[in-house]
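What follows is a set of notes on a single structure, which appears directly below.
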Amino acid sequence: MLITHDTECALDVLVELLNTSPQACGHEGLPDLAALRGFVVRRELSDVGQLTQGDLEAVRRLRQRFWDVLDATSTRDAAELLNAMIARAGTTPRLTDHDGHDWHVHYFAPGAALADRLGAESGIALSMVIVAGERERLRHCEAPDCVRVFVDLSRNRSRRYCDSRTCGNRLHVAAYRARQRTAPPVTAERGGVGVGS
Ligand SMILES: [Zn+2]
Ligand SMILES: [Zn+2]
């Protein structure tokens, strides 16, 4: 898949945003402004000014819209939702080489509200993925008790689990079990195979 570094970064931001949703993790992952600021810092989002309660609410609404795109039953439905989201965010493509980064395009206007910025940036990144016919790469974790989201950038789309500690370890657990066929069954929950400690 032809995917630029910028697109990949924007998809990573989107995945983290989606996984803060109560739908994904069972509680509100962005409960307050401090959590929102933490998200901005972790994702190294540049040019984000003072955040307000309004920003927090707008980001949560945007997150729900992205969730709807992800779960759209057809690519056409996903495209319509995405188009509406990007139109709402407004875009101002602009070449920049800020902070020592090589030239790249920002899709948001300088000083754009955080939700608009995320809507434009991650919305366009997701559009690129759809253009490439790779919509399925952004999907839910296959673990039976997990609905978190991940982006599968592996060559053969072989990834199955999100990168939460529990799920990420499932692959290792499966490999361990394959090697220990004769041993009595153990579960990850009991920590019997070195996970979840
Ligand atoms: Zn940049
Ligand atoms: Zn998972």
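From a predicted model like this one, the values you see are computed outputs, not experimental measurements.
- With Arg117 contributing its side chain and Gly111 its backbone, the two residues share no donor-acceptor pair below 3.5 Å.
- Between His140 and Leu70, some side-chain heavy-atom pair lies under the 4.5 Å cut-off.
- In this structure, Leu51 and Arg37 have side chains that are in contact, with non-hydrogen atoms separated by less than 4.5 Å.
- Remark: Arg88 CZ is loosely packed, at most 12 non-hydrogen atoms of other residues, nucleotides or ligands lying under 6.0 Å away.
- Side-chain contact check for Arg148 versus Val15: every heavy-atom pair is 4.5 Å or farther apart.
- Side chain of Asn19 to main chain of Glu16: no donor-acceptor pair is present (N/O by atom type, distance under 3.5 Å, no hydrogens or angles).
- Side-chain contact check for Glu80 versus Ser74: every heavy-atom pair is 4.5 Å or farther apart.
- Remark: the backbone N or O of Met85 is not paired with any side-chain donor or acceptor of Arg65 at under 3.5 angstrom.
- At least one side-chain heavy atom of Leu45 sits under 4.5 Å from a side-chain heavy atom of Leu118.
- Formation of a donor-acceptor pair under 3.5 Å by the Arg159 side chain with backbone atoms of Ser154 is not found in this model.
- Residues Thr75 and Ile130 meet the side-chain proximity criterion, which asks for heavy atoms closer than 4.5 Å.
- Salt bridge status for Glu136 with Arg157: absent, with no side-chain N to carboxylate O gap under 4.0 Å.
- Two residues are said to be in side-chain contact when any heavy atoms from C-beta on lie closer than 4.5 Å; Leu17 and Phe39 meet this criterion.
- Taking CG of Leu126 as the reference point, atom CD of Glu134 lies at 12.5 Å (rounded to 0.5 Å).
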> Do Phe150 and Leu138 pass the side chain to side chain contact (heavy atoms under 4.5 Å, CB included) test, and can you show the C-alpha distance, the side-chain angles, and the key distance before you say yes or no?
Replying inline: CA-CA 6 Å; Phe150 67 90; Leu138 187 74; over 6 Å; no

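- Among Ile86, Leu14, Leu11, Asp12, the single residue meeting the side-chain contact (heavy atoms from CB on, under 4.5 Å) criterion with Ser122 is Leu14.
- Proximity of the aromatic rings of His104 and His5 is defined here by a centroid distance below 6.0 angstrom, and this criterion is not met.
- A side-chain donor-acceptor contact under 3.5 Å links Arg137 to the backbone of Asp152.
- Between the Thr91 side chain and the Pro93 main chain, no donor and acceptor come within less than 3.5 Å of each other.
- Using a 30° and 60° split on the angle between ring planes, His106 and Phe108 fall in the parallel class, below 30°.
- Residues Ser46 and His101 have side chains not in contact (no heavy-atom distance under 4.5 Å, counting atoms from C-beta outward).
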